[in-house]
> 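Here it is, the structure, as C-alpha cells.
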Amino acid sequence: MSDLVLQAEQLTKHYSDGLRDIEVLTDLDLAMSAGEWVAVVGASGSGKSTLLNLLGGLDSPTSGVVRVDGRILSEMTDRERSYWRNQRLGFVFQMHHLLPEFSAIESVAMPARIGGSSKREAQLRAGDLLAQLGLSDRLSHRPAALSGGERQRVAIARALVNEPACVLMDEPTGNLDPDTAAQVLSAMTALKASATAFIVVTHDPIIANQMDRQCVLKAGQLEQP
C-alpha cells in the first residue's frame with residue numbers, strides 16, 4: 001500500500017473579477033508521504049493560501065483533483081468531506097482562532113468530540129498533546145491568559161488531536177515576534193517523529209530550512225527539488 005497521504009494532480013484554480021478570468025494555479029502537482037514535512041514559499045499573492053484551501057477541501061478546484069488518504073475530495077458529498085477533514089486533516093492558521101470561552105484542553109479536545117470521541121477520551125488525548133508541546137501547566141487556561149506562542153501551540157495540538165494524515169499550516173508564526181516564533185518552531189520540530197505529514201506555507205526562511213524539502217510557488221506552478 002502507498003504511503004502517500006496527500007496528492008494534488010493537475011490542480012487548476014481560476015477566479016473571475018467580473019471583467020477577466022484570473023488563473024491562480026495551473027496544472028499543479030504535489031505528492032506528500034506520511035511523516036514528510038514540506039515548506040511552500042513564494043511571493044505575496046502567488047496563491048499559497050489558495051493552494052492550502054484547495055488541499056484542505058475548503059475550496060473547490062476549477063479542474064484537477066486532490067486526494068487525501070486516497071480519497072478524492074471533490075467526489076464526496078459536503079457531509080462526507082466535512083467528516084474526512086475532521087478525521088484526516090488538521091489546520092493551523094496565522095491567527096490561532098481559539099474560542100475565548102474554552103480552556104486550552106477544551107479547545108484541543110473539540111475536534112475529537114466533534115468526531116465522536118467520548119469526553120474522557122478526547123481530553124486524555126488533548127492533555128497528552130499539550131504536555132508534549134510544553135503546556136501541561138496551562139490546561140485550564142483560556143486564550144486571554146495565554147501568550148501568543150502558547151495560543152499557537154494550543155492551535156497545533158488541536159490540529160493533531162485526531163491523528164490526521166496531514167496538517168496544513170498557513171504562516172503559523174506570522175504574527176509572532178522572533179523569540180516566540182522560535183519557541184513555536186521548537187515545539188513543531190519536536191513532533192517530527194510523528195507519521196503525520198505537514199505542509200507549511202511560510203515567509204520565514206528559518207522555518208522553511210527545517211523542512212524536509214522546500215517548494216516554490218511561482219506563476220501558478222510548484223517548483224520542487
> Rounded to the nearest 0.5 Å, how far does SG of Cys166 lie from CG of Leu89?
6.5 Å

> Looking at Ile199, is its backbone amide N or carbonyl O close enough to the side chain of Trp37 to form a donor-acceptor pair, meaning the two atoms are under 3.5 Å apart?
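Such a contact is absent between Trp37 side chain and Ile199 backbone.
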
> Report yes if the side chains of Val38 and Phe198 come closer than 4.5 Å at any heavy-atom pair, otherwise no.
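Val38 does not reach Phe198 side chain to side chain.
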
> Please set out all donor-acceptor pairs under 3.5 angstrom arising from side-chain atoms of residues 118-125, sequence neighbours excluded.
from   : atom 1 : to     : atom 2 : distance (Å)
Ser118 : OG     : Glu121 : N      : 3.1
Glu121 : OE2    : Arg125 : NH1    : 3.1
Arg125 : NE     : Val161 : O      : 3.0
Arg125 : NH2    : Val161 : O      : 3.4
Arg125 : NH2    : Asn162 : OD1    : 3.2

> Is there any salt bridge (charged side-chain N to carboxylate O under 4.0 Å, His left out) pair reaching into residues 59-71, and which pairs are they, with sequence neighbours excluded?
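Found Glu9-Arg67, Lys13-Asp59, Asp69-Arg88.
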
> Is there a side-chain contact between Leu25 and Leu51 in this structure, where contact means two heavy atoms from C-beta onward sitting under 4.5 Å apart?
yes

> Looking only at heavy atoms, which two atoms of Asn86 and Gly115 are closest? And how far apart?
OD1-CA, 3.4 Å

> Under a 4.5 Å side-chain heavy-atom rule over Ile, Leu, Val, Met, Phe, Trp and Tyr, are Leu4 and Leu30 clustered together?
no

> Heavy atoms, side chains only, cut-off 4.5 Å: are Leu54 and Leu11 in contact?
yes

> Quick check against the 3.5 Å criterion: does Arg113 have a side-chain atom that pairs as donor or acceptor with the backbone of Ser117?
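Between the backbone of Ser117 and the side chain of Arg113 there is a qualifying donor-acceptor contact (under 3.5 Å).
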
> I want to check something: taking the side chain as every heavy atom from C-beta on, are Ile207 and Val200 in contact at a cut-off of under 4.5 Å?
yes

> When hydrophobic residues are tied together by side-chain contacts of less than 4.5 Å, even through go-betweens, does Val66 share a cluster with Met169?
no

> Could you list all the salt bridge (charged side-chain N to carboxylate O under 4.0 Å, His left out) pairs where at least one residue sits in residues 198-207, not counting sequence neighbours?
none

> What orientation do Phe91 and Phe93 show, parallel under 30°, tilted 30 to 60°, or perpendicular over 60°?
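Taking Phe93 first and then Phe91, their aromatic rings lie parallel (interplane angle under 30°).
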
> Might you point out which heavy atoms bring Leu130 and Ala157 nearest each other, and give the distance in Å?
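Minimum heavy-atom separation between Leu130 and Ala157: CD2-CB, 4.0 Å.
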
> Do the side chain of Thr12 and the main chain of Asp27 share a donor and acceptor less than 3.5 angstrom apart?
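The answer is yes, because a donor-acceptor pair under 3.5 Å joins these two groups.
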
> Tell me if a side-chain donor or acceptor on Ser82 pairs with a main-chain N or O of Asp78 at a distance below 3.5 Å.
yes

> Of all heavy-atom pairs between Leu168 and Leu55, which one has the smallest distance, and what is that distance?
CD1-C, 4.0 Å

> Quick one: list whatever passes side-chain hydrogen bond (donor to acceptor under 3.5 Å, both in side chains) with Gln87, sequence neighbours left out.
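If we apply the side-chain hydrogen bond (donor to acceptor under 3.5 Å, both in side chains) test to Gln87, skipping adjacent residues, there are no hits.
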
> If you round to the nearest 0.5 Å, how far is CD of Gln210 from CD1 of Ile206?
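So the CD1 of Ile206 and the CD of Gln210 are separated by 8.5 Å.
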
> Report yes or no: does Arg85 contribute a side-chain atom to a donor-acceptor pair with the main-chain N or O of Gly57 at less than 3.5 Å?
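Here the side-chain-to-backbone pair exists.
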
> Between Lys48 and Val40, what is the shortest heavy-atom contact and its length?
CD-O, 3.9 Å

> Roughly how far, to the nearest 0.5 Å, is the CD atom of Glu36 from the CG atom of Leu6?
10.0 Å

> For Phe102, what residues pass the side chain to side chain contact (heavy atoms under 4.5 Å, CB included) criterion, not counting sequence neighbours?
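Side chain to side chain contact (heavy atoms under 4.5 Å, CB included) list for Phe102, sorted by chain: Leu99, Glu106, Ser107, Met110.
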
> Are Val41 and Leu222 connected in the hydrophobic side-chain network, where two residues link if heavy atoms are under 4.5 Å apart?
no

> Suppose the criterion is salt bridge (charged side-chain N to carboxylate O under 4.0 Å, His left out): which pairs have a residue in residues 135-155, not counting sequence neighbours?
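Residue pairs passing salt bridge (charged side-chain N to carboxylate O under 4.0 Å, His left out), neighbours aside: Arg138-Glu150.
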
> Do Pro111 and Arg158 make a side-chain contact, defined as non-hydrogen atoms from C-beta onward lying under 4.5 Å apart?
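They are in contact (side-chain heavy atoms under 4.5 Å apart), so the answer is yes.
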
> According to a hydrophobic-cluster definition based on side-chain heavy atoms being under 4.5 Å apart (Ile, Leu, Val, Met, Phe, Trp, Tyr only), do Val68 and Tyr83 belong together?
no

> Closest heavy-atom contact between Met32 and Ala197?
CE-CB, 3.9 Å

> Hey, does Gln152 have a side-chain heavy atom less than 4.5 Å from the side chain of Val92?
yes

> Would you say the side-chain atoms of Asn209 pair up with the backbone N or O of Pro205, donor to acceptor, closer than 3.5 Å?
yes

> Quick check for you: to the nearest 0.5 Å, what is the distance between Leu98 atom CG and Ser103 atom OG?
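The OG atom of Ser103 is 10.5 Å from CG of Leu98, to the nearest 0.5 Å.
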
> Would Asp21 and Ser16 count as having a side-chain donor-acceptor pair, cut-off 3.5 Å?
no

> Nearest 0.5 Å, please: how far is CD in Gln10 from CG in Leu28?
10.5 Å

> Tell me whether Val65 is reachable from Leu58 by hopping between hydrophobic residues (I, L, V, M, F, W, Y) whose side-chain heavy atoms are closer than 4.5 Å.
no

> Do you know which two heavy atoms are closest between Pro164 and Ala159, and how far apart they sit?
CG-O, 3.3 Å

> Looking at Thr62 and His14, would you say the former's side chain and the latter's main chain have a donor-acceptor pair under 3.5 Å?
yes

> Do side-chain atoms of Glu80 reach the backbone of Thr77 as a donor and acceptor pair under 3.5 angstrom?
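Checked: pair present.
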
> How long is the straight-line distance from CG of Leu129 back to CD1 of Ile105, given to the nearest 0.5 Å?
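One finds 10.0 Å between CD1 of Ile105 and CG of Leu129.
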
> Can you check whether Leu160 reaches Val108 side chain to side chain, under 4.5 Å on heavy atoms?
no

> Does some side-chain heavy atom of Gln224 sit less than 4.5 Å from a side-chain heavy atom of Arg213?
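Yes. Closest side-chain heavy atoms under 4.5 Å.
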
